Every structure is written in C-alpha cells, then in structure tokens.
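Predicted model only: the values in this text are computed from it and were never measured. In what follows, every chain begins at residue 1, and chains take the letters A, B, ... in the order their sequences are listed. For the numbers below, each heavy atom of this structure counts, side chains included, while hydrogens, waters and symmetry mates do not.
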Number of protein chains: 2
Amino acid sequence: MGFLDEVPRLDRLIERLESSEGLDDLQIVIEELRDGYSIDHMLYHWVNSNGDQYGCGTYPLDWVNRYVEKGYLRVDPVIIGCFQRFHPVDWKRLDWSGKAARAFMQDAINHGIGNQGYSIPIRGPNGQFAHFTLSHNCSDEDWQEFTTKNRRDLILIAHSFNQKALDFQPGRTPEPSQSLSPREIEAMTLLAIGYSRAQAADTLSISEHTLRVYVESARHKLGALNTTHAVARALNRGLIVI
Amino acid sequence: MGFLDEVPRLDRLIERLESSEGLDDLQIVIEELRDGYSIDHMLYHWVNSNGDQYGCGTYPLDWVNRYVEKGYLRVDPVIIGCFQRFHPVDWKRLDWSGKAARAFMQDAINHGIGNQGYSIPIRGPNGQFAHFTLSHNCSDEDWQEFTTKNRRDLILIAHSFNQKALDFQPGRTPEPSQSLSPREIEAMTLLAIGYSRAQAADTLSISEHTLRVYVESARHKLGALNTTHAVARALNRGLIVI
DNA sequence: ATCCTACTCCCCAAAAACTGCGAGGGGGCG
DNA sequence: CGCCCCCTCGCAGTTTTTGGGGAGTAGGAT
C-alpha cells in the first residue's frame, strides 16, 4: 500500500502520542507516525533562541550530525522559511535561490533526505520556535495529493507533538524573566522603533534624564550590557513588541 | 440537545470555513460554529504588535466597545495568559488574582460573557498573536467535559480560522524584507548579544571600520534609523536569532 | 565578459550614549 | 507604619557611535 492510499486514523495516532511517557518514547512515536503515513522521514525540530537545537525524528544520524557541525541551521531554507511564515509550507515554495541553499539541498539529498517536504511551523511565547517536518521521495503531483489529503491531521499532530515534547523538557521554556514597569516598556519600545533617547523622552513628555533612568533600570533587569542588547532581550522575551 | 451532546462534524465545519470568501463571511462562519457547538460565544481576536485589534465573533457589541474603550486589552487575563502560554488554556487556570483582573471578569459577566471559557493561542512570525476563544455559562464539570471532548477539533478550527482571517487581511502580514549578507548577519547578531562595535569587530577579526560598514549597510537595508532600531528590525523579521 | 554584490580598509568631526552619583513624592503590601 | 517599587528630575565627564566621504579585491550572476 503506497503512501497515497494510507490514511491512518487520526484519533489513534493522537492517542498513541498522548500516551507517550518520555523523550525516548517520542522517538518511537515519531517512527510509528512515519510508518503510519508510509513516508520516508518525519522530524520534530526545536530551535532555541540562542541557536540550541533539539530534534527527534527519522533523519539519518550522520545527516543530523553534519547538519549541526556545518551550522546548517543558518542556511536551511526550511528553518528560514518557516520562521517567517504563519502556515505550513511545501518545500517547493521555499526560497532555494541562494548558492548555499542549493548546496545544502544537494547535501541533504545525498544523505537520504527526500526531494519533497512539508513543514509545519510551531510557535510559542517569546519567539520560541519549532517545526514539524515530513519528507519523501516522489513526484510533485503525488506529494501535492498527499499533503492536501493529510494537511489537517498533520497540523494537529504537529501541535500535539510539540506539546508532548515541551512537557518532557520543561527546561526549554525559560523561566519568565523579570517584567518591566509600564514606563520602562514604553521607553524600550520607543528605542526599539528607532527613536533616540531625546526623541523618546520628548514623546513621553519626560526629561531625557528620566528616560535614561528607565532604560538603565530595564537594562539591569534584563541583565543587558547596553541599550541595544537590552532592546534585543526585551524583544526576545516578548516584553516589548514592535 | 445540549452543548455536551452536540459534536459537529469537523470536516464539514472546516469545509465551510475554508469556503468563506471575506471577512463578513467569517463573521457568519463563526456564528455558525458557535451554533454548531451550542455554546454561548465564540471569538477570534487578533492583537497587532502596536496594540491594534481585530476581532470577529459573537460577543455582544456593547461589550466589545467597552473592551476597547476601557483598554481592557492590557488587563484581560485571557490575553496575558495566552500570550505567555503555548497551549490552549481553560479560563479557570488563568491568573485572576489581581484586582484589575477580577473587576474585569465581573464586568465581562455583567455584559453576558459566560463564566466558563477556553482560549487557544495562535502565533505567527514577529510575535504576531491571536486567540480563538469559546465561552459558555455552565458548571465546571460540564465545561471540563466539553473542552476535553472537543479540544482537538477546536485547535484545528482555530488555526484554520486564523489562516482564513489572514488571507482576507493581507496587510497584517508584513512583506518579507531584504535579506542581509552573512557578514552583516554576524555583525548584527554580535551587536544584538551585547557586544560593542569594537568587540564585535575583534570577534570577527576585522577592523572596526569594516564592521561599521556592515552595520551601516544592514541599517540601510532594513530602513532603520539607528543601530538599535536595525537590531530590533532584524530580530523582528527573523533575520538574526539570539 | 561585464556588472553587481560582498568584503575589506581608511579619515574626521559632531552627536549621542554610557557611567555613576544624588534626591524627592506617590502607591501598594505586609 | 515601614518597606519597596515606580515615577520624576538633576549634573558631569568619558567613551562610543554616527554621519558622510573614497577605494581596492574577489567571486557569483547575467
């Protein structure tokens, strides 16, 4: 039975997923999911804000190692594309125009990754990001049919999988950082959108000295080395939004 | 037939949702969804980065107006809670301890919002955020049963609804920006993690002058007013990750 | 083959940010 | 009531960043 005919029962898959009891178990689950859909590969890949990664899936081990060693995280169009997208995306719709991207794809195919792929971005607070990816070797038409048919189920599986993975790795959700006071938030937000200290102070109708106090205070709370760093951290932690 | 017995067919709901053809249509769809589940209220609520809001749902109009006027966005535990959470959440698990939060809840109930609620956070790139919320008036046990039974379907509906809402409001998704060169990315990343220009230049083993060229170049590409702004934009657009 | 982009280096003066200090009023919470 | 946090304002000297300029090499794209 080919991967186009196979339509596993969603509730059974989800039940199996939700009954998993640890990270090792998730590895088994994802292999079962892969087999259930009769495709080549399935992957859950978490990317931490600082570039740390956690993954589990059916990609060949040497490819995973190569990926990490080569720093492909910064090249991989799947990561880049998913990161700035809302919705699941077929790999064909990603940007493969760069030289590095094409070299990466060739390298991936050489390591047994399929020519087709479908990736579902998953997000959490503070820019936390993961993606759930399927890969296979087949024609464009077949892949189109497969993804169209299974899209909904896959979205649900992706989110359930992410939930489970998070449950088992509580450390990945950073402790909520010290929050900023309303004035500090306003000050940092204005700086983040390009205002100089003088402009920001003017906008808030306070003296520049006062504004500086806020920025300093925020900087200390955030453990930042300078204003730019503080703004970056505040953005990263979702304390301010621009 | 009560809301506990009613289990609408998911595929029909999604089909109806995906066949919608505009924002007005979505309003009708969400009313149909609400009726389909036989609950009091259903709401899709988008919160823009700058505090702008877009919503559609079955909340009473005077409550919606009051919500906007009173600036409840900054008080609403549903917003605050969903914003820092990964997964769907029952309103009972939110933090209602603050004085403002309790006053808000009382006000909401007075305006016909149910005592029970379930909210699904939805996220996009750049901290974009929405939530899909159900509300009803019933006992804790009944609500527990309802949410447990329909959780999966609701997650899928929430994401599909968000996708549709985005399709109809293309302005909400910012156009992808010009990408940065590798050196520019390195430079901006180092600045974003707190390095001074001198330190960053040293780290990259280039002169500070050269580093400045990168930063300037990145700033121009990003249309940023200064370095801090450029770093903020680069982070926001996912061009750099810290 | 040619053009364009990325990468590297240099100068200089003005503007802005950083560091660290001190000080008082208001509000919430135990 | 006292404590702590938030908001507001001030001074001053040092360091850093920020505006533009120009100029050469190398490699990829058309």
Side-chain angles (χ1 to χ4, degrees), chain A residues 74-75 95-104 106 177-233 239, chain B residues 74-75 95 97-103 177-192 194-234 239-240:
Chain A
R74 311 250 172 211
V75 177
D95 176 22
W96 299 94
S97 65
K99 199 185 61 175
R102 278 198 302 274
F104 166 78
Q106 195 52 56
S177 60
Q178 202 176 359
S179 68
L180 302 179
S181 79
R183 278 312 227 191
E184 286 163 356
I185 292 176
E186 289 181 288
M188 298 300 285
T189 303
L190 289 174
L191 294 184
I193 61 175
Y195 285 37
S196 70
R197 295 206 298 206
Q199 289 174 312
D202 205 47
T203 303
L204 297 177
S205 302
I206 56 178
S207 77
E208 187 183 334
H209 311 282
T210 303
L211 184 116
R212 266 165 41 191
V213 174
Y214 297 149
V215 176
E216 278 297 286
S217 171
R219 195 164 63 81
H220 282 120
K221 282 183 180 175
L222 296 165
L225 299 167
N226 53 45
T227 302
T228 300
H229 193 197
V231 167
R233 287 202 157 177
L239 299 174
Chain B
R74 310 255 170 210
V75 178
D95 176 22
S97 65
K99 202 180 57 174
R102 277 196 302 272
S177 60
Q178 201 177 357
S179 69
L180 302 178
S181 79
R183 276 313 226 191
E184 286 163 355
I185 292 176
E186 289 182 289
M188 298 300 285
T189 303
L190 290 173
L191 294 185
Y195 284 38
S196 71
R197 295 206 302 206
Q199 289 174 312
D202 204 46
T203 304
L204 297 178
S205 303
I206 56 177
S207 76
E208 185 183 333
H209 310 282
T210 302
L211 185 116
R212 263 167 50 190
V213 175
Y214 297 147
V215 176
E216 277 296 286
S217 171
R219 195 168 62 80
H220 281 120
K221 284 182 180 175
L222 296 165
L225 297 168
N226 54 46
T227 302
T228 300
H229 192 197
V231 167
R233 288 202 156 178
L239 299 173
I240 63 173

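The minimum heavy-atom distance linking A/Ala224 with A/Arg233 is given by the pair N-NH1, 4.3 Å. The shortest heavy-atom contact between B/Ala234 and B/Leu222 is CB-CD1, 4.1 Å.
A/Leu190 places none of its side-chain heavy atoms less than 4.5 Å from the side chain of A/Gln199. Put simply, the side chain of A/Gln106 does not reach to within 4.5 Å of the side chain of A/Arg102, judged on heavy atoms. By the 4.5 Å heavy-atom criterion applied to side chains, A/Thr210 and A/Arg183 are not counted as neighbours.
As judged by a 4.0 angstrom heavy-atom cut-off over every strand, A/Thr227 is placed among residues touching the sugar-phosphate backbone only. Here B/Ser217 lies out of heavy-atom contact (under 4.0 Å) with every strand.
Judged by distance alone, with hydrogens and angles left aside, the side-chain atoms of A/Arg197 form no donor-acceptor pair with the main-chain N or O of A/Glu208 at under 3.5 Å. Side-chain atoms of B/Ser217 never come within 3.5 Å of backbone atoms of B/Val213 as a donor-acceptor pair (strictly under, hydrogens ignored).
Using a 4.0 Å cut-off, some side-chain N or O of A/Ser181 falls inside it from OP1 or OP2 of D/dC7. Contact annotation: A/Arg197 side-chain N/O to C/dA16 OP1/OP2 distance is not under 4.0 Å. Considering only side-chain N and O atoms, B/Lys221 lies nowhere under 4.0 angstrom from the phosphate OP1 or OP2 of C/dT5.
Each end of the helix from C/dA1-D/dT30 to C/dG30-D/dC1 yields a helix axis from five base pairs, and these two axes differ in direction by 80° (to the nearest 10 degrees).
Each of D/dT17, D/dC11, C/dA17 was ranked by its minimum atom distance to the side chain of A/Arg212; first place goes to D/dC11. The side chain of B/Glu216 has D/dG19 as its nearest neighbour among D/dG19, D/dC6, C/dA17. Ranking D/dC9, D/dG20, D/dC6 by closeness to the A/Val213 side chain, first place goes to D/dC9. Listed nucleotides: D/dC7, C/dC7, C/dT19. Nearest to the side chain of A/Tyr214: D/dC7.
What separates CG of A/Leu225 from P of C/dA17 is a distance of 18 Å, to the nearest Å. As rounded to whole Å, 10 Å separates atom C1' of C/dA16 from atom CG of B/Asn226. One can place NE2 of A/His229 at 17 Å from C1' of C/dA17, the figure rounded to the nearest angstrom. Distance, A/Arg102 CZ to D/dG28 C1': 10 Å, rounded to whole Å. Separating the OH atom of B/Tyr195 from the P atom of D/dT15 is a distance of 22 Å, rounded to the nearest angstrom. With rounding to whole Å, B/Met188 atom CE is found 14 Å from C/dC7 atom P. Here C/dA6 presents its C1' atom at 8 Å from CD of B/Glu184, a figure rounded to the nearest Å. Rounded to whole Å, atom C1' of D/dC9 lies 13 Å from atom CZ of A/Arg183.
Within residues 199-211 of chain B, the residues that have a heavy atom under 4.0 Å from DNA chain C are, in order of number, B/Ile206, B/Ser207, B/His209, B/Thr210.
Within a 6.0 Å sphere centred on OH of A/Tyr195, other residues, nucleotides and ligands contribute 12 heavy atoms or fewer.
Once rounded to the nearest 0.5 Å, the distance linking OH of B/Tyr214 with CG of B/Leu204 reads 8.0 Å. Distance check: B/Thr227 OG1 to B/Glu216 CD gives 7.0 Å after rounding to the nearest 0.5 Å.
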